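All chains are named by letter (A, B, ...) in the order of the sequence lines, taking the proteins before the strands, and each is independently numbered beginning at 1. Quick caveat, the model's predicted, so the values are computed rather than measured. Hydrogens, waters and symmetry mates play no part in the numbers below; they use all other heavy atoms, side chains included.
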Amino acid sequence: QQQVKQSPQSLIVQKGGISIINCAYENTAFDYFPWYQQFPGKGPALLIAIRPDVSEKKEGRFTISFNKSAKQFSLHIMDSQPGDSATYFCAASPSGTYKYIFGTGTRLKVLA
Amino acid sequence: KAGVTQTPRYLIKTRGQQVTLSCSPISGHRSVSWYQQTPGQGLQFLFEYFSETQRNKGNFPGRFSGRQFSNSRSEMNVSTLELGDSALYLCASSLGLFGAYTEAFFGQGTRLTVV
(Lines give C-alpha, C1' and ligand atoms only; values in the text may rest on other atoms or scores of the structure.)
Protein backbone atom coordinates (compact mmCIF):
# COMPACT_ATOMS: atom_id res chain seq x y z
CA GLN A 1 0.00 0.00 0.00
CA GLN A 2 1.30 3.43 -0.90
CA GLN A 3 2.26 5.41 2.17
CA VAL A 4 4.03 8.55 3.17
CA LYS A 5 5.35 8.50 6.72
CA GLN A 6 5.77 11.86 8.43
CA SER A 7 7.59 12.72 11.64
CA PRO A 8 7.52 14.13 14.21
CA GLN A 9 3.83 14.29 15.03
CA SER A 10 4.40 17.51 16.97
CA LEU A 11 7.26 19.94 17.31
CA ILE A 12 8.02 22.85 19.61
CA VAL A 13 10.70 25.31 18.54
CA GLN A 14 11.97 28.57 20.00
CA LYS A 15 11.57 31.72 17.94
CA GLY A 16 14.52 32.05 15.60
CA GLY A 17 15.25 28.34 15.65
CA ILE A 18 15.16 25.78 12.83
CA SER A 19 12.12 23.55 12.42
CA ILE A 20 12.75 20.24 10.66
CA ILE A 21 9.99 17.90 9.48
CA ASN A 22 10.76 14.60 7.79
CA CYS A 23 8.86 12.38 5.39
CA ALA A 24 9.65 8.99 3.88
CA TYR A 25 7.99 6.92 1.19
CA GLU A 26 8.22 3.31 0.09
CA ASN A 27 8.58 1.40 -3.15
CA THR A 28 6.53 3.64 -5.42
CA ALA A 29 7.35 5.97 -8.26
CA PHE A 30 6.34 9.34 -6.94
CA ASP A 31 7.08 12.29 -9.17
CA TYR A 32 6.05 15.37 -7.22
CA PHE A 33 6.47 16.30 -3.55
CA PRO A 34 4.59 19.35 -2.23
CA TRP A 35 4.41 20.66 1.31
CA TYR A 36 1.29 22.31 2.70
CA GLN A 37 0.69 24.52 5.70
CA GLN A 38 -2.68 24.49 7.40
CA PHE A 39 -4.03 26.86 10.04
CA PRO A 40 -7.06 25.92 12.15
CA GLY A 41 -10.29 26.40 10.23
CA LYS A 42 -8.49 26.89 6.92
CA GLY A 43 -7.67 24.73 3.95
CA PRO A 44 -4.08 23.62 3.31
CA ALA A 45 -1.94 26.27 1.61
CA LEU A 46 0.87 25.28 -0.73
CA LEU A 47 4.25 26.20 0.72
CA ILE A 48 6.85 24.74 -1.57
CA ALA A 49 7.20 21.72 -3.85
CA ILE A 50 10.01 19.71 -5.42
CA ARG A 51 10.52 17.23 -8.25
CA PRO A 52 12.67 14.10 -7.73
CA ASP A 53 15.36 15.30 -10.15
CA VAL A 54 16.20 18.15 -7.75
CA SER A 55 18.00 17.57 -4.43
CA GLU A 56 17.15 20.87 -2.78
CA LYS A 57 14.82 23.81 -3.28
CA LYS A 58 14.73 27.00 -1.26
CA GLU A 59 12.04 29.67 -1.10
CA GLY A 60 12.61 32.32 1.50
CA ARG A 61 12.89 30.68 4.91
CA PHE A 62 11.58 27.34 3.62
CA THR A 63 13.84 24.65 2.15
CA ILE A 64 13.00 21.18 0.87
CA SER A 65 15.77 18.60 0.88
CA PHE A 66 15.21 15.47 -1.21
CA ASN A 67 17.16 12.22 -0.99
CA LYS A 68 15.97 9.97 -3.81
CA SER A 69 18.10 6.94 -2.88
CA ALA A 70 16.86 7.00 0.71
CA LYS A 71 13.30 7.80 -0.39
CA GLN A 72 13.20 10.66 2.11
CA PHE A 73 12.42 14.34 1.93
CA SER A 74 12.32 17.03 4.55
CA LEU A 75 11.16 20.57 5.19
CA HIS A 76 13.42 23.03 6.98
CA ILE A 77 11.99 26.28 8.31
CA MET A 78 14.79 28.68 9.12
CA ASP A 79 14.40 31.51 11.65
CA SER A 80 11.07 30.06 12.79
CA GLN A 81 8.47 32.64 13.85
CA PRO A 82 5.35 32.37 16.03
CA GLY A 83 3.30 32.99 12.88
CA ASP A 84 4.67 29.71 11.50
CA SER A 85 2.73 27.82 14.18
CA ALA A 86 0.47 25.55 12.13
CA THR A 87 0.12 21.98 10.94
CA TYR A 88 2.40 20.96 8.09
CA PHE A 89 1.68 18.15 5.65
CA CYS A 90 4.04 16.54 3.22
CA ALA A 91 2.55 14.88 0.17
CA ALA A 92 3.66 12.79 -2.76
CA SER A 93 2.04 12.15 -6.10
CA PRO A 94 2.35 8.62 -7.56
CA SER A 95 3.11 8.89 -11.27
CA GLY A 96 0.04 9.01 -13.47
CA THR A 97 -2.51 8.82 -10.66
CA TYR A 98 -3.62 12.48 -10.49
CA LYS A 99 -3.69 12.40 -6.70
CA TYR A 100 -1.64 13.17 -3.63
CA ILE A 101 -0.87 10.84 -0.77
CA PHE A 102 -0.49 12.93 2.34
CA GLY A 103 1.59 12.39 5.44
CA THR A 104 -0.16 12.43 8.78
CA GLY A 105 0.84 15.99 9.59
CA THR A 106 3.16 17.75 12.04
CA ARG A 107 1.78 20.27 14.48
CA LEU A 108 4.42 22.97 14.88
CA LYS A 109 4.43 25.45 17.71
CA VAL A 110 6.95 28.27 17.72
CA LEU A 111 7.41 29.89 21.11
CA ALA A 112 7.83 33.66 21.25
CA LYS B 1 -7.19 36.44 -8.49
CA ALA B 2 -9.90 34.58 -6.61
CA GLY B 3 -8.95 31.31 -4.95
CA VAL B 4 -10.83 28.05 -4.82
CA THR B 5 -14.32 28.65 -3.48
CA GLN B 6 -16.26 25.98 -1.65
CA THR B 7 -19.87 26.26 -0.61
CA PRO B 8 -21.37 25.94 1.86
CA ARG B 9 -18.70 26.39 4.53
CA TYR B 10 -20.64 24.54 7.19
CA LEU B 11 -23.36 21.94 6.97
CA ILE B 12 -25.25 19.87 9.51
CA LYS B 13 -27.16 16.86 8.22
CA THR B 14 -29.00 13.95 9.74
CA ARG B 15 -28.02 10.31 9.26
CA GLY B 16 -29.58 8.88 6.12
CA GLN B 17 -29.86 12.19 4.31
CA GLN B 18 -27.85 13.15 1.28
CA VAL B 19 -25.70 16.21 0.72
CA THR B 20 -24.18 18.07 -2.23
CA LEU B 21 -21.04 20.16 -1.89
CA SER B 22 -19.87 22.65 -4.47
CA CYS B 23 -16.43 23.78 -5.62
CA SER B 24 -15.49 26.60 -7.96
CA PRO B 25 -11.85 26.29 -9.05
CA ILE B 26 -9.44 29.11 -9.72
CA SER B 27 -10.27 30.73 -13.05
CA GLY B 28 -8.58 28.81 -15.86
CA HIS B 29 -7.93 25.69 -13.79
CA ARG B 30 -9.30 22.55 -15.38
CA SER B 31 -8.43 19.92 -12.79
CA VAL B 32 -10.44 19.57 -9.61
CA SER B 33 -9.81 17.08 -6.84
CA TRP B 34 -11.66 16.29 -3.64
CA TYR B 35 -10.21 15.18 -0.32
CA GLN B 36 -11.72 14.18 3.00
CA GLN B 37 -9.92 15.34 6.13
CA THR B 38 -10.58 13.76 9.51
CA PRO B 39 -8.51 13.70 12.72
CA GLY B 40 -8.23 9.91 12.54
CA GLN B 41 -7.52 9.31 8.85
CA GLY B 42 -5.92 12.59 7.84
CA LEU B 43 -6.29 13.73 4.25
CA GLN B 44 -7.76 11.04 2.02
CA PHE B 45 -8.20 11.27 -1.75
CA LEU B 46 -11.79 11.03 -3.00
CA PHE B 47 -11.65 11.72 -6.75
CA GLU B 48 -10.11 13.86 -9.47
CA TYR B 49 -11.68 15.40 -12.54
CA PHE B 50 -10.15 16.95 -15.62
CA SER B 51 -12.28 18.38 -18.42
CA GLU B 52 -15.41 16.71 -17.02
CA THR B 53 -13.78 13.27 -16.90
CA GLN B 54 -13.12 11.41 -13.68
CA ARG B 55 -9.55 10.21 -13.94
CA ASN B 56 -9.12 8.57 -10.57
CA LYS B 57 -11.20 7.60 -7.58
CA GLY B 58 -10.13 6.84 -4.02
CA ASN B 59 -11.17 3.98 -1.78
CA PHE B 60 -14.53 5.30 -0.70
CA PRO B 61 -17.91 3.58 -0.95
CA GLY B 62 -20.23 4.23 -3.86
CA ARG B 63 -22.24 6.63 -1.69
CA PHE B 64 -19.58 9.19 -2.57
CA SER B 65 -19.87 10.55 -6.08
CA GLY B 66 -18.89 13.63 -7.97
CA ARG B 67 -19.00 15.39 -11.26
CA GLN B 68 -17.44 18.28 -13.10
CA PHE B 69 -19.22 20.71 -15.35
CA SER B 70 -18.03 22.29 -18.59
CA ASN B 71 -17.01 25.47 -16.71
CA SER B 72 -14.77 23.28 -14.47
CA ARG B 73 -16.97 23.76 -11.42
CA SER B 74 -17.40 20.54 -9.50
CA GLU B 75 -19.85 19.01 -7.10
CA MET B 76 -19.59 16.03 -4.83
CA ASN B 77 -22.54 14.16 -3.43
CA VAL B 78 -22.77 11.87 -0.45
CA SER B 79 -25.91 9.80 -0.15
CA THR B 80 -27.26 7.94 2.87
CA LEU B 81 -25.06 9.86 5.27
CA GLU B 82 -23.40 8.05 8.15
CA LEU B 83 -21.96 9.51 11.34
CA GLY B 84 -18.48 8.62 10.08
CA ASP B 85 -18.92 10.93 7.11
CA SER B 86 -18.46 13.91 9.43
CA ALA B 87 -15.34 15.59 8.13
CA LEU B 88 -13.83 18.59 6.42
CA TYR B 89 -14.24 18.14 2.67
CA LEU B 90 -11.58 19.92 0.68
CA CYS B 91 -11.50 20.79 -2.97
CA ALA B 92 -8.29 21.57 -4.83
CA SER B 93 -7.72 22.88 -8.32
CA SER B 94 -4.72 22.94 -10.62
CA LEU B 95 -4.00 24.40 -14.02
CA GLY B 96 -2.92 21.15 -15.58
CA LEU B 97 -3.24 17.51 -14.73
CA PHE B 98 -3.27 17.14 -10.95
CA GLY B 99 -0.01 15.83 -9.58
CA ALA B 100 1.97 16.18 -12.80
CA TYR B 101 4.44 18.78 -11.51
CA THR B 102 1.50 21.16 -11.23
CA GLU B 103 0.78 23.30 -8.20
CA ALA B 104 -2.54 22.54 -6.57
CA PHE B 105 -4.47 25.02 -4.48
CA PHE B 106 -7.03 24.10 -1.86
CA GLY B 107 -10.21 25.83 -0.83
CA GLN B 108 -11.18 26.43 2.79
CA GLY B 109 -13.34 23.34 2.82
CA THR B 110 -16.86 22.44 3.79
CA ARG B 111 -17.26 21.25 7.36
CA LEU B 112 -19.91 18.51 7.30
CA THR B 113 -21.38 17.31 10.56
CA VAL B 114 -23.69 14.30 10.52
CA VAL B 115 -25.93 13.90 13.56
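Contacts of A/Y36 with chain B are made by side-chain atoms alone, with heavy-atom separations under 4.5 Å and no backbone atom involved. For B/A104, the parts sitting under 4.5 Å from any heavy atom of chain A are the backbone and the side chain alike. For a residue to count as touching a neighbouring chain, one of its non-hydrogen atoms must lie under 4.5 Å from one of that chain's; by this rule B/R9 touches chain A with the side chain only.
At a threshold of 4.5 Å between side-chain heavy atoms, the hydrophobic network of Ile, Leu, Val, Met, Phe, Trp and Tyr places B/F64 and B/L88 in two separate groups. Note: the hydrophobic cluster containing A/I48 also contains A/I101 (ILVMFWY, side chain heavy atoms under 4.5 Å, direct or indirect links). In the hydrophobic clustering of this structure, B/L95 does not group with A/L46; members are Ile, Leu, Val, Met, Phe, Trp, Tyr whose side-chain heavy atoms approach within less than 4.5 Å, directly or through other members. B/Y10 and B/V78 fall into different hydrophobic clusters, where Ile, Leu, Val, Met, Phe, Trp and Tyr residues are linked whenever their side-chain heavy atoms come under 4.5 Å apart, directly or through other members. One hydrophobic cluster, built from ILVMFWY side chains closer than 4.5 Å, holds both A/F62 and A/F33.
Sparse packing is recorded around CZ of A/R107, with 12 or fewer heavy atoms of other residues, nucleotides or ligands lying under 6.0 Å away. Counting heavy atoms of neighbouring residues, nucleotides and ligands inside a 6.0 Å radius, atom CD1 of B/I12 does not exceed 12 of them. Surrounding CD of A/Q9 are at most 12 heavy atoms belonging to other residues, nucleotides or ligands under 6.0 Å away.
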**OP:** Quick one: do B/E103 and A/Y32 satisfy side-chain contact (heavy atoms from CB on, under 4.5 Å)? Show the steps, please.
**Re:** CA-CA 10 Å; B/E103 294 178 332; A/Y32 189 64; 3.8 Å; yes
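Checked against the 6.0 Å centroid threshold, A/Y98 and B/F50 do not count as a close aromatic pair.
Interface residues of residues 30-46 of chain B toward chain A, defined by a heavy-atom distance below 4.5 Å and sorted by number: B/S33, B/Y35, B/Q37, B/L43, B/F45.
Atoms NZ and NZ, from A/K99 and B/K57 in turn, are 11.5 Å apart once rounded to the nearest 0.5 Å. In this structure, A/F89 CZ and B/F106 CZ are separated by 10.0 Å, a value rounded to the nearest 0.5 Å. Rounding to the nearest 0.5 Å places OG1 of A/T97 at 12.0 Å from CZ of B/R55.
Annotation for A/P44 and B/L90: closest pair CD-CD1, 3.7 Å, computed over non-hydrogen atoms.
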